[in-house]
Amino acid sequence: DDWLTARAGVRSPDQLELTEVELKKEITRTLTAKNPHIPRDIVRYNFKERAYKIVDDVDQTAIHFTLNGNLVPKDSDEGRRQSIKSSSEAEKTPVEEENAPVEASAETTEKAEVKDEEPTGDAEAAEEGEGEAEAKGAETAEEAEAAEAEEPPPSKAPEKKLANQFNFIERGTTTYHNPLREKGYQTDPAPYETFSANVNQWYIYDAYMEELERMEKAKEKEKAKPQVVKKEDKKTGRKLSYVEPQHGDSLSKVAKAAKITERMVNLNTFDDIAQDFKYFEDASDEFRGQEGTLLPLWKFRYEKTKKLAVTAISWNPKYKDLFAVGYGSYDFMKQGHGMLLLYTLKNPSFPEYSFSSESGVMCLDFHSDHPYLLAVGFYDGNVAIFNLKKPASQPSYRSSAKSGKHTEPVWQVKWQKDDMDNNSNFFSVSSDGRIVSWTLVKNELVHMDVIKLSGDGTAVQGPEGLQLQTLGSGTSFDFHKKIDYLFLVGTEEGKIYKCSKNYSSQFLDVFDAHHMAVDSISWNPFHLKVFISCSSDWTVKIWDHTIKTPMFVFDLGTAVGDVAWSTYSSTVFAAVTIDGQAHVFDLNVNKLEPLCTQLVVTRKKNKATHIQFNPVYPIIIVGDELGLITCLKLSPNLRKMPK
């Protein structure tokens, strides 16, 4: 009855005490076929390659128990040998001795058969032999019968051994190793030179750009190849082929010479204007006191821009005689195509570059470090970059609906300093209330919203009682000349916001500047605190950005289109009004009245839209609504340098 008694489980002293819940809890363990304890980096010498190599195929088997047994499989060679040996020992019995006479008789019969087969020479000998053979055969037959009667029944014959069907012969051979042969050559040492250079992101970028330019040139060469045109002769029915003449190559060879010739012809045609531009100084200023005049010089017009208004003007920072003009329309009911032209003072009859666009050009700006890059804003909300080095008619880079374009017209664009990664970037302001930073990264424009202009704080009542926040409409902006992060934004409501690039959610300050839209805003290039603004409410105001009220207010009697600071004096600025007049002020001379008010646009129903000072020469350019650009020279009273 011992098995009936309960047996107490023996526990290890260090066994954990687990609860029922913990005992019932399932713990999943995943077993793999790989042995975690095998070495990973066994290195052995490879005689063939004469080097140490890592052994890849390591045996993953882990042996837990081995036992050497004495069982041998039947089918193996050793098993067969043992079975044959055991059977042969069993056959060696006393029966073998009784079988001896039988074996002898069998031998005699065999001998007799052999003798029968041997031929004899004589017929008689043959007959005698036959008789003897018959007599002997009779005797042996009688003896065999007697022996059979005496012998007991024979034992079973041994099992016939099967032949090995897989008859292998194992032989060991050694392959012949070819002896290593060594050849030596002696040559002249290669010439060498020491070269060292630093490689950074821009070297790699330039290399890629050179490769792209090379590929583009190759494509252009393929396009420029003369095409073989096949024609069928009606009379003979044969197909004739001839090569079309290429005019482009011949023109490109003489293009530079033609341009120089064209400029020389223009210089001769407008010789009196060129002389005035270079040498004429109005002597009557001495009798006018403080007032001055504007001397008209060249007029720039182009056939294709007759019905388009001048919407933007910008001087090139490197080539002081080159300026860009944007053409579009301020009449929002009559929007059409736009144009971008670049003129030089050396050739007033025809533009140096011309680009057309589906939407009107609203603003443009040259890059200060790369004067061949021109940023442009369009009426449809897109921005683009034109590369004047490339002869393409389309912009090199352009925004799209996917890449975050504005939803309303872009009123101003301004280039900024390159960012930390040396990527070119510019800002744009639009009526949709967004101020966007555009960065040129890897041949595409990447946008980032810097700030969104909020409305007057009033929310519009939407459907089902929904409160919709209104956005302000930006119309102009300008960045501080020294403080990188500081910029001003003018809006349609007449407010001016002082903003920072570092704060996207709030403004540094708000100025209730005008009663109508702020058309233009600009920091003074010399005085770091002062900026100027103009509006359609007839006023031009000069501000200190640390004071909420304007320092100067000038009422010009009609809507002001544009205002610009001079590049030679901190106190001189000029403005144009929609009645076609240009007003030039010098606060150092007269703080109340303009020194010059002159009609610049002579035709009726024509409005002056933009004005710009040349950075070097004492001239200004004025654009109007009929696409005409007028160049005027400032008289000596208007360009007095301050002390």
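Scope of the values below: all heavy atoms of this structure, side chains included, with no hydrogens, waters or symmetry mates.
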Discussion item. How close do Q416 and H367 get, counting heavy atoms only, and between which atoms?
Written reply: O-NE2, 4.3 Å

What is the distance from atom [atom1] of [X] to atom [atom2] of [Y], rounded to the nearest 0.5 Å?
{"X": "N266", "Y": "S349", "atom1": "CG", "atom2": "OG", "value": "3.5 Å"}
{"X": "H514", "Y": "T491", "atom1": "NE2", "atom2": "OG1", "value": "10.0 Å"}
{"X": "N606", "Y": "D579", "atom1": "CG", "atom2": "CG", "value": "11.0 Å"}
{"X": "K389", "Y": "E213", "atom1": "NZ", "atom2": "CD", "value": "8.0 Å"}

Any salt bridge between [X] and [Y], counting N to O under 4.0 Å?
{"X": "K633", "Y": "D276", "value": "no"}
{"X": "E352", "Y": "K259", "value": "yes"}
{"X": "K548", "Y": "D512", "value": "no"}

Distance only, no hydrogens: is a donor on one side chain within 3.5 Å (strictly under) of an acceptor on the other, for [X] and [Y]?
{"X": "S437", "Y": "H447", "result": "no"}
{"X": "S357", "Y": "H337", "result": "no"}
{"X": "T344", "Y": "D321", "result": "yes"}
{"X": "S476", "Y": "D478", "result": "no"}
{"X": "S368", "Y": "W415", "result": "no"}
{"X": "N382", "Y": "S399", "result": "yes"}
{"X": "S635", "Y": "N637", "result": "no"}
{"X": "S430", "Y": "W411", "result": "no"}

Discussion item. Would K414 and F427 count as a cation-pi pair here, with the cationic atom under 6.0 angstrom from the ring centre and within 45° of the axis?
Written reply: no

Discussion item. Looking at F378, I'd like to know if the NZ or CZ of R398 sits under 6.0 Å from its six-membered ring centre while staying within 45 degrees of the ring's axis.
Written reply: yes

Taking the ring of [Y] and the ring of [X], is the distance between their centroids below 6.0 Å?
{"X": "F511", "Y": "F531", "result": "yes"}
{"X": "F350", "Y": "Y302", "result": "yes"}
{"X": "H545", "Y": "W523", "result": "yes"}

Strictly distance-based, threshold 3.5 Å: is any side-chain N or O of [X] a donor or acceptor partner for the main-chain N or O of [Y]?
{"X": "S396", "Y": "F386", "value": "no"}
{"X": "T558", "Y": "T577", "value": "no"}
{"X": "D206", "Y": "M209", "value": "no"}
{"X": "Q412", "Y": "F477", "value": "yes"}
{"X": "N347", "Y": "R263", "value": "no"}

Worksheet item: Would the number of heavy atoms belonging to other residues, nucleotides or ligands and lying under 6.0 Å from NZ of K307 be above 12?
Response: no

Worksheet item: Given Y343, which of F300, W298, Y353 fulfils the side-chain contact (heavy atoms from CB on, under 4.5 Å) condition?
Response: F300

Fill in: Passing candidate, side-chain contact (heavy atoms from CB on, under 4.5 Å) with I619, options L345, L634, L294
L345

Practice prompt. Could you go through the side chain to side chain donor-acceptor pair (under 3.5 Å) check for D331 and S329 one step at a time?
Written response: CA-CA 5 Å; D331 187 350; S329 175; 5.6 Å; no

Worksheet item: Mind checking whether F323 and S314 have side chains closer than 4.5 Å, heavy atoms only?
Response: no

Worksheet item: Quick one: does E625's side chain get under 4.5 Å of I578's, heavy atoms only?
Response: no

Discussion item. Let's go through D519 and S536 carefully: what are the C-alpha distance in whole Å and the side-chain angles of both, what is the deciding distance for side chain to side chain donor-acceptor pair (under 3.5 Å) to 0.1 Å, and is it a yes or a no?
Written reply: CA-CA 7 Å; D519 292 328; S536 305; 3.0 Å; yes

Give every donor-acceptor pair under 3.5 Å between a side-chain atom in residues 559-569 and any protein atom, sequence neighbours left out.
{"from": "D562", "atom 1": "OD1", "to": "S520", "atom 2": "OG", "distance (Å)": "3.2"}
{"from": "D562", "atom 1": "OD2", "to": "H610", "atom 2": "ND1", "distance (Å)": "3.2"}
{"from": "D562", "atom 1": "OD2", "to": "I611", "atom 2": "N", "distance (Å)": "3.1"}
{"from": "W565", "atom 1": "NE1", "to": "S522", "atom 2": "O", "distance (Å)": "3.2"}
{"from": "S566", "atom 1": "OG", "to": "S569", "atom 2": "N", "distance (Å)": "3.2"}
{"from": "S566", "atom 1": "OG", "to": "S569", "atom 2": "O", "distance (Å)": "2.8"}
{"from": "S566", "atom 1": "OG", "to": "V572", "atom 2": "O", "distance (Å)": "3.3"}
{"from": "T567", "atom 1": "OG1", "to": "N614", "atom 2": "O", "distance (Å)": "3.1"}
{"from": "Y568", "atom 1": "OH", "to": "L638", "atom 2": "O", "distance (Å)": "2.8"}
{"from": "S569", "atom 1": "OG", "to": "T571", "atom 2": "N", "distance (Å)": "3.3"}
{"from": "S569", "atom 1": "OG", "to": "T571", "atom 2": "OG1", "distance (Å)": "3.1"}

Worksheet item: Among all residues two or more places apart in sequence or in another chain, which pass the ring pair (Phe, Tyr, Trp, His ring centres under 6.0 Å) test with F554?
Response: F573, F585

Worksheet item: How far apart are the C-alpha atoms of H515 and S535, what are their side-chain angles, what is the distance that settles it, and do they pass the side chain to side chain donor-acceptor pair (under 3.5 Å) test?
Response: CA-CA 8 Å; H515 301 295; S535 168; over 6 Å; no

